[in-house]
Amino acid sequence: MTTPQVERRTTAVLVADVVGYCRLVETNEERALVAIKELWGAVFRPLIAEYRGRIVKLMGDGLIAEFGSVVGAVACAAAVQESLPLNSNRLQLNAVSCSGSA
């Protein structure tokens, strides 16, 4: 009996979510949901693609994206933060990236 080959690769993950999501939804649900949808479409999707990442999971106020390198994940997070004052309708984000072997 042979042992199955396991392919390992290094990957970096970016996790982001909206600060105070519950408060925003309680204050004005429609406005909050529109602002978050615009943030994902106008900011995150293009920047993740630009830095050669892919969205693994999108959930309400958060997302998980995978990158081939930590440099790409961190550069993407920095680019998102730089674009927020212009595109976020006052949304604030928490973002963290990490890397490891998968």
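In this chain, residues are counted from 1 in sequence order. These numbers come from a predicted model, not from an experiment.
Clustering ILVMFWY residues whenever any of their side-chain heavy atoms sit less than 4.5 angstrom apart, transitively, puts Val13 in a cluster other than the one holding Val74. Cluster annotation: Leu33 is connected to Val43 through the hydrophobic network of ILVMFWY side chains, with a link wherever side-chain heavy atoms come within less than 4.5 Å. Hydrophobic clustering (ILVMFWY, side-chain heavy atoms < 4.5 Å, transitive): Val70 and Val15 are in distinct clusters. In the hydrophobic cluster analysis, where Ile, Leu, Val, Met, Phe, Trp and Tyr join through side-chain heavy atoms closer than 4.5 angstrom, Tyr21 is grouped together with Phe44.
Interatomic distance, Leu39 CG to Arg45 CZ, rounded to the nearest 0.5 Å: 11.0 Å.
Summarising the geometry of Ala12 relative to Ala73, their closest heavy-atom pair is CB-CB, 4.0 Å, with the distance given to 0.1 Å. Here the shortest heavy-atom pairing between Pro46 and Gly41 reads CD-O, 3.3 Å. Between Leu47 and Ser83, the shortest heavy-atom contact is CD1-OG, 4.2 Å.
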Let me have the donor-acceptor pairs involving side chains of residues 51-68, under 3.5 Å, with sequence neighbours excluded, atom names and distances please.
{"from": "Arg54", "atom 1": "NE", "to": "Glu66", "atom 2": "OE1", "distance (Å)": "2.8"}
{"from": "Arg54", "atom 1": "NH2", "to": "Glu66", "atom 2": "OE1", "distance (Å)": "3.0"}
{"from": "Glu66", "atom 1": "OE2", "to": "Arg9", "atom 2": "NH1", "distance (Å)": "2.7"}
{"from": "Glu66", "atom 1": "OE2", "to": "Arg9", "atom 2": "NH2", "distance (Å)": "3.2"}
{"from": "Glu66", "atom 1": "OE2", "to": "Thr11", "atom 2": "OG1", "distance (Å)": "2.8"}

